[in-house]
Asker: 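Here you go, one structure.
Hydrogens, waters and symmetry mates are skipped; everything else that's a heavy atom, side chains included, is used. The chains referred to below are lettered A, B, ... by the order of the sequence lines, with proteins before strands, and numbering in each begins at 1.
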There are 2 protein chains.
Amino acid sequence: MNDSTNSSGDHRLICTVDIVLLTLRDGQLQVLLLKRDREPFDGALALPGGYVHVDEDQGCEDAAQRVLLQKAGLQSPYLEQLASFSGPARDPRGWSVSVAYFALVAAPEASQPGQHWLPVDRLPQLPFDHGRIIAAAAERVRNKSQYSSLPVHLCPEPFTLPQLHTIYQALLGEAINPVSFRRKMEELAILEPVPGAKRAQGPHRPAQLYRLKDEFRQTLRLVGRGLNV
Amino acid sequence: MNDSTNSSGDHRLICTVDIVLLTLRDGQLQVLLLKRDREPFDGALALPGGYVHVDEDQGCEDAAQRVLLQKAGLQSPYLEQLASFSGPARDPRGWSVSVAYFALVAAPEASQPGQHWLPVDRLPQLPFDHGRIIAAAAERVRNKSQYSSLPVHLCPEPFTLPQLHTIYQALLGEAINPVSFRRKMEELAILEPVPGAKRAQGPHRPAQLYRLKDEFRQTLRLVGRGLNV
DNA sequence: TGAATAGTGTCTTTAAGACAATATAGT
DNA sequence: ACTATATTGTCTTAAAGACACTATTCA
C-alpha cells in the first residue's frame, strides 16, 4: 500500500456500490432495475446503486444496505459482495470503482411501481457496465447453487421441499432427482420443519413446511465432497 | 448508481490495491510481505500494494499487475480478485477502499532481499487490515483447492503427479488417496505430459513430468459433482 | 373411492477408498 | 538382484439415480 510514484491517493476517483437484487419469477432468475432519475443515463433502466458516503458508511456493505433500503425498501435480505468493477470508461463521469453486491429475495407478490424485474438472460443494453455486473452475479448464483444452500434465500418462507426443489431445478436448468434432493437437504441440516402442513393446488397430500434455521440467515452451508479425494 | 443526497462522488476517498502473493514453502501456505518505506506504518511489514493510478491503469487489475511487477518482479502469475475491503478506520489516512487480489506462484528458489515470506497461519500483527485480507485469501485458496485446479499454480513447472499430490495435501491438510487423485487429474484434463521423465531423490522409478495446458493458465477447472443431485 | 402429489424403501449404478500387483531407475 | 517410489488393476464401500410403493388430502 506504499507507492513509489504518488504520495496522495486523491485522483478524483468515483466510488459507488451497485446492487444486483435477484429473485426467481416464472422459473427465471430476474434482476431488479430502476429508472435513473439523473445524469448520466437519466431515464435509463439500471441497477440500484449510489455513491459511498464516507461521512456515514462504515464500509461499502453499509452503503449497499443503505441503497437496498432506500431504493428497494428491503431491510436485510441475503447480501454478499460480488466483486469490484473499475476503469476509466465504465462511467462517463470519470475513472470509477464500483463495489458490486448481490442480494437474494423471494419473488415479491406484486411489482412495486417503478420497479422493473427483468430476466437476467434477456436484458436490453444497460448503462455503465451493468450488463457485465449482472452476468457475473447470475453466474455466481448459479454456480453456488450447485454446491450450497444459497437458493434457499430465493424461496418465500415457510416453504415445502417440493417448492425448494423446483427452485433448485430452475437455477440449475436441469432435473434433480427428488430422492437425492431430500437426502441432501436432510444432510445439510439447515432447515427445520414448522408445525403446520400445507397443500399445493390440487386435491392431494399436503407437504411439510420448513423454514431456514436462524443461524443460516447470512451463512451458507456447503455440500460435501469437493475434490472427493 | 444515481444518488438521492449527493451529486458528486468526490469525498476524498482513498483507493488502493493490495496483493496477497501466496506460495507453498515447507509444506505451509506463505505470504509475501514487504517492509514499508513510507508513512503510515513506515518500516512495518505489509502486503505489497499501492494507489490506483487513474491516469495510467485501465482498471484495478492493471494496478495489481503493476504492483506485482514493481514490487515483486513478477510478470503474470495466476491472479484473481479476492474482495474489496473498505471503511473509515482501516487506513489512518482516511476512508479507504482496497481492492484486494491474490496471486499464486511456485516457491521461489531463494528469497530476494527485502522479501519476507511468512506462513499465513502464524502472522504477527499487521498494519491496516492486512491480517484480515490475508485470512480471506488463505480461506479462498484452501476452499477452492477442494474442488478446482487452483493448486496447480503453486507448483513449479514441469512437475510430477506425486509433487502435485503433496501440494494438494498440504493445502487441504489431510491425506488424499493417490489413486483417486490420479483419476481426478486425468478427468480434469488440464495437464499434458512432457516428453521427459524425472526421478525424485532416491533410486527408484522416475515420475512422468507434466505441465499445465496453456488454455488453463488463467482459467480454473472445477471438479464435477456439486450438489450431486 | 379416485386422482394427484408427498414422502419412503430399496435396488442399481457410479465414483471414491483400499490395497495388491507391476514397472523402472539407481545402486 | 534389491530398494524405493511410480503407476496400474481391481475389489470394497459409499453415495447418487431410478423406480416402485405407501401416505394423505380433496373431490
Asker: Show the nearest heavy-atom pair for residues A/Tyr168 and A/Ser149, with the distance to one decimal.
Answerer: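 Minimum heavy-atom contact is OH-CA, 3.4 Å.
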
Asker: Give a yes/no on whether any side-chain N or O of A/Asn177 is located under 4.0 angstrom from OP1 or OP2 of D/dA18.
Answerer: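 Checking D/dA18 against A/Asn177, a side-chain N or O does come within under 4.0 Å of OP1 or OP2.
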
Asker: From the list D/dA6, D/dG17, D/dA16, which nucleotide is the closest neighbour of the side chain of A/Lys184?
Answerer: D/dA16

Asker: If each of B/Gln163 and B/Pro203 is mapped to the nucleotide of DNA chain D with the nearest heavy atom, which maps nearer the 5' terminus, i.e. the 5' end?
Answerer: B/Pro203

Asker: What is the separation between atom CG on B/Leu164 and atom C1' on D/dA6, rounded to the nearest whole Å?
Answerer: 15 Å

Asker: Can you check the A/Phe181 CZ to D/dC19 C1' distance for me, whole Å?
Answerer: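 It works out to 19 Å between those atoms.
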
Asker: Any idea which of D/dT25, C/dG7, D/dT7 is nearest the A/Leu161 side chain?
Answerer: C/dG7

Asker: Under the 3.5 Å rule, do the base of C/dA25 and the side chain of B/Arg205 count as making a donor-acceptor pair?
Answerer: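 A donor-acceptor contact between them is absent.
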
Asker: Rounded to the nearest angstrom, tell me the gap between atom CE in B/Met185 and atom P in D/dT7.
Answerer: 14 Å

Asker: Can you tell whether the side chains of A/Glu186 and A/Arg183 come within less than 4.0 Å, N to carboxylate O?
Answerer: no

Asker: Could you please name the option among D/dT8, C/dA6, C/dA25 that lies closest to any side-chain atom of A/His204?
Answerer: C/dA6

Asker: Between atom NE2 in B/His165 and atom P in C/dG17, what is the gap in whole Å?
Answerer: 10 Å

Asker: Any side chain to side chain donor-acceptor pair (under 3.5 Å) pairs touching residues 204-215 of chain A, not counting sequence neighbours?
Answerer: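 Listed by first then second residue: A/Glu192-A/Arg211, A/Asp214-A/Arg217.
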
Asker: Does a side-chain N or O of B/Arg183 approach OP1 or OP2 of C/dA15 to a distance below 4.0 Å, or not?
Answerer: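 Indeed not, no polar side-chain atom of B/Arg183 lies that close.
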
Asker: Got a sec, which residues hit side chain to side chain contact (heavy atoms under 4.5 Å, CB included) with B/Ala106, two or more places apart in sequence or on another chain?
Answerer: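 Partners of B/Ala106 by the side chain to side chain contact (heavy atoms under 4.5 Å, CB included) criterion, ordered by chain and then number, come out as B/Pro156.
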
Asker: Rounding to a whole Å, what distance do you find between A/Glu186:CD and D/dA16:P?
Answerer: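 From A/Glu186 CD to D/dA16 P: 13 Å.
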
Asker: In whole angstroms, how far is the P atom of D/dT10 from the CZ atom of B/Arg182?
Answerer: 17 Å

Asker: Checking contacts here: which listed nucleotide (D/dC26, D/dA18, C/dT5) is nearest the side-chain heavy atoms of A/Val179?
Answerer: D/dA18

Asker: Rounded to whole angstrom units, what separation is found between the CD atom of A/Gln208 and the C1' atom of D/dT25?
Answerer: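 Taking CD of A/Gln208 and C1' of D/dT25, I get 15 Å after rounding.
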
Asker: Measure the distance from CZ on B/Phe159 to P on D/dA6 and round it to the nearest whole Å.
Answerer: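 Distance check: B/Phe159 CZ to D/dA6 P gives 15 Å.
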
Asker: Within the side chain of A/Tyr78, is there an N or O that forms a donor-acceptor pair under 3.5 Å with the backbone of A/Leu150?
Answerer: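 Here the side-chain-to-backbone pair does not exist.
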
